[in-house]
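Written out below as structure tokens is the structure these notes cover.
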There are 2 protein chains.
Amino acid sequence: MTDYRRLRVALLGAGAVGSQVAALLRQHADELADRAGARLELAGIAVRDIDAKRDVDLPRELFTTDAESLIVGSDIVIELMGGIEPARAYLLHAINSGADIVTANKALLATHGPEIFDAADQVGAEVYYEAAAAGAIPIIRPLRDSLAGDRVQRIMGIVNGTTNYILDRMDTEGAEFADVLANAQRLGYAEADPTADVEGYDAAQKAAILASLAFHTTVPLDAVHREGITSIDRSMMDAARHAGYVIKLLAVCERLVEASGESISVRVYPALVDRKHPLASVHGANNAVFVQAEAAGNLMFYGAGAGGVQTASAVLGDVVSAARRHIAGGVGVGESTLANLPIVPIGRVTTRYQITLEVDDRPGVLATVASTLSEGRVSIATVEQTVITAGNGEPGVARLVIGTHKAVEQDLSDTVERLAASGVVERVVSVLRVEGD
Amino acid sequence: MTDYRRLRVALLGAGAVGSQVAALLRQHADELADRAGARLELAGIAVRDIDAKRDVDLPRELFTTDAESLIVGSDIVIELMGGIEPARAYLLHAINSGADIVTANKALLATHGPEIFDAADQVGAEVYYEAAAAGAIPIIRPLRDSLAGDRVQRIMGIVNGTTNYILDRMDTEGAEFADVLANAQRLGYAEADPTADVEGYDAAQKAAILASLAFHTTVPLDAVHREGITSIDRSMMDAARHAGYVIKLLAVCERLVEASGESISVRVYPALVDRKHPLASVHGANNAVFVQAEAAGNLMFYGAGAGGVQTASAVLGDVVSAARRHIAGGVGVGESTLANLPIVPIGRVTTRYQITLEVDDRPGVLATVASTLSEGRVSIATVEQTVITAGNGEPGVARLVIGTHKAVEQDLSDTVERLAASGVVERVVSVLRVEGD
């Protein structure tokens with residue numbers, strides 16, 4: 001066996017991902033040493049409660065509650081605690097103690113990314129975070145390195161497994177949101193408090209990370225427009241299917257080129273996706289990131305978006321990269337925010353829309369709707385009207401599904417408000433954006 | 001504008017990819033400088049014929065026929081000439097002149113990879129080759145870096161755009177091989193001499209590169225089992241569709257775990273792929289690489305497998321990586337062949353098979369076929385028999401489609417030979433492997 005240099009590795013957190021990382025580090029120690037050119041010595045695992053139940057068996061003597069002391073003298077610190085504090089404080093401490101850091105903490109990077117990256121820059125440390133966006137799918141290196149000579153135009157990502165699982169089940173089984181959610185919670189695909197997933201917070205964090213990287217721009221989390229999937233019901237799913245679409249929760253990161261210069265838009269919302277689009281066939285809890293680049297054209301990266309052992313794979317890839325850098329020397333790529341493009345608010349974004357209305361079934365109603373749209377600068381591409389209830393003397397109710405050409409979000413929402421107040425519209429059933437064409 | 005250090009870049013070759021690389025280097029010079037931390041100065045383009053027609057307009061003074069002189073003093077040499085010589089000699093010259101090299105030359109890497117990598121190792125130079133496998137799709141970095149802490153079990157790749165285009169057209173239009181090929185040649189999807197594509201040579205080169213990287217093992221090109229698609233006809237396509245499959249030319253790189261230890265198999269052949277498998281929906285000239293890893297699970301990388309500007313994106317990503325290394329210092333990852341697993345011959349590989357036979361339609365025939373298979377250690381999973389021509393007194397002809405359980409290739413081919421000679425089999429219509437389940 002080659003006599004490799006030893007690197008001291010500290011692990012913070014032993015949850016679903018952390019315990020798998022610890023297990024793999026021990027199990028594949030020889031192979032990892034060959035790959036990294038150094039022996040990765042797990043010095044300890046910092047946890048809150050040493051006696052908590054873990055997913056895998058690990059020697060008790062590895063555990064400590066004293067993260068601060070564990071960090072000191074470590075070459076590589078892996079942070080898998082999640083949350084903002086004390087993760088942030090520990091990572092800054094690690095950076096200032098001379099360690100490279102590996103983290104899967106999307107919440108922290110999306111909110112305090114610039115602080116962490118700046119601190120690392122100051123001392124020449126590296127921050128690796130492949131596991132922070134789209135789990136096991138290699139997307140950070142492709143964006144940062146492989147596409148470094150190209151210009152990303154747009155990213156459309158299914159980056160939250162829980163919501164994709166729920167929407168996929170609703171689509172394939174015709175089930176209601178609440179039933180699928182309850183089932184997903186039973187199976188462990190959704191947490192007891194599903195807010196972070198179903199309201200799009202998790203996806204928004206990942207969108208901020210991906211957009212920062214793709215557009216070399218600091219994207220604060222509050223600049224990401226966010227809508228969840230709780231309003232999606234079975235009838236919307238059915239209507240989408242009928243029209244050749246499927247509803248997916250998308251993280252959309254887009255470069256906008258206008259006469260005044262370039263800007264970007266970052267948004268998370270449920271959108272209609274054509275069934276022929278590669279993203280439409282991403283089923284279950286899988287994730288996929290579809291990237292459109294100026295020269296490379298369309299690329300897609302597909303795989304498991306979550307899961308302890310899957311995410312551990314991405315973490316270990318980063319650990320090996322960090323180790324290689326320790327051995328080889330030199331400074332890594334670092335984070336570039338040189339472009340720092342302006343981020344436009346959602347109101348200025350243009351997409352296609354599908355508007356579903358219930359209207360009075362009487363003469364002149366379609367004309368009123370059409371002229372309201374036209375006055376609001378929303379151009380109609382397709383219309384489908386079906387009678388829901390016949391009138392029997394009274395005016396009945398009809399359903400109107402309107403597909404628009406590209407329209408500006410602010411124009412569209414103003415127009416929908418005017419439609420709702422127009423007297424001929426009984427109910428705005430849904431307004432969904434159409435992405436991916 | 002930041003005052004960056006200048007790096008001298010030499011380009012060898014100005015074909016479809018080379019001319020796009022030159023154009024993008026000039027067009028995005030400022031942005032590339034920001035990304036790389038250095039100005040990438042295109043010192044010249046070495047070509048055979050300065051007056052040849054190019055895809056893009058480039059200043060005549062950039063061109064030279066003296067590659068040797070251009071290389072001297074360059075920091076980064078980009079080789080896009082293709083072929084073995086003089087590309088090999090120039091790259092060795094570049095390495096020994098102190099340059100890092102970027103190449104898309106799969107033929108060279110598949111045949112002389114170890115020589116090039118060793119030469120680079122000796123002087124601490126780096127070899128970047130993202131564009132050598134699967135065009136614009138980032139697959140080299142994911143395999144080398146992102147999955148460095150994982151164990152790849154299997155790669156199934158659609159890595160040749162021409163053959164995927166042909167098979168996809170045959171499948172969707174029910175057309176014959178020769179007609180689609182002629183059409184592909186007219187459209188520029190296939191070369192005038194299509195041998196390298198349709199006989200699987202191109203895919204075999206890429207398979208050797210991917211397997212070397214995934215399994216940390218030197219894979220010589222002649223260790224790759226190779227079959228092309230020229231024997232695939234419309235009736236085989238129809239039969240595949242009928243059975244829920246599509247025929248794809250696959251590069252399969254597999255880790256075999258046996259009691260005696262680990263080994264690998266690398267092979268290229270047309271195979272039946274279940275229509276529900278993600279690879280089945282890779283259409284047209286697109287490429288995709290499906291990776292199964294122990295921890296990460298299933299991953300897929302999808303995109304354009306060829307095309308001048310698409311491939312140029314991958315080349316420029318490598319150029320930026322090389323430039324960053326020049327600025328930051330340190331030694332790169334290098335190629336690891338530490339595992340050097342034995343490569344098993346095709347005869348020892350196990351897969352499922354679908355065997356289509358024309359047999360005499362008379363009593364006892366199925367029994368003979370079944371016992372021949374059983375004696376040959378080939379276990380039957382499914383059988384479908386249909387009458388083709390009725391006998392009218394004489395024995396008629398029936399078609400027998402047999403799906404097998406996993407069998408050893410050598411056993412299978414011996415058994416098919418015995419079947420062919422058994423007297424009850426009129427014709428072996430096709431023997432296809434089934435991959436991806």
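Residue numbers start from 1 in every chain, and the chains themselves are labelled A, B, ... in the order their sequence lines are given, proteins ahead of strands.
Using a 4.5 Å cut-off between heavy atoms, L147(A) touches chain B through backbone and side chain atoms alike. Proximity to chain B involves both the backbone and the side chain of A296(A), based on heavy atoms less than 4.5 angstrom apart. Both the backbone and the side chain of V309(A) come within less than 4.5 Å of a heavy atom of chain B. If you measure heavy-atom distances from A304(B) to chain A, the contacts under 4.5 Å come from both the backbone and the side chain.
One finds the CG atom of N286(B) at 9.5 Å from the CG atom of L299(A) (value rounded to the nearest 0.5 Å). Note that CG of L32(A) and CG of D150(B) are 9.5 Å apart. Values are rounded to the nearest 0.5 Å.
Of the listed residues (A136(B), S146(B), A36(B)), the one with the most heavy-atom contacts under 4.5 Å to chain A is S146(B). Among G135(B), A293(B), P138(B), G317(B), the residue with the largest count of heavy-atom pairs under 4.5 Å with chain A is P138(B). In terms of non-hydrogen atom pairs under 4.5 Å with chain B, the most contact-rich of T311(A), L40(A), L316(A) is L316(A). For the set G303(B), A312(B), S313(B), G37(B), the count of heavy-atom pairs under 4.5 angstrom toward chain A peaks at S313(B). Most heavy-atom pairs under 4.5 Å with chain A: of the set H283(B), Q310(B), E130(B), E294(B), this distinction falls to Q310(B).
By a heavy-atom distance cut of under 4.5 Å, L24(B), Q27(B), H28(B) are the residues of residues 18-28 of chain B near chain A, going up by number.
Closest approach of G149(A) to R35(B), counting heavy atoms only: N-NH1, 4.2 Å. Across all non-hydrogen atoms, the minimal contact from D145(B) to S321(A) is CB-OG, 4.2 Å.
Applying the salt bridge (charged side-chain N to carboxylate O under 4.0 Å, His left out) test to R255(A) and every residue at least two apart in sequence or in another chain returns E262(A).
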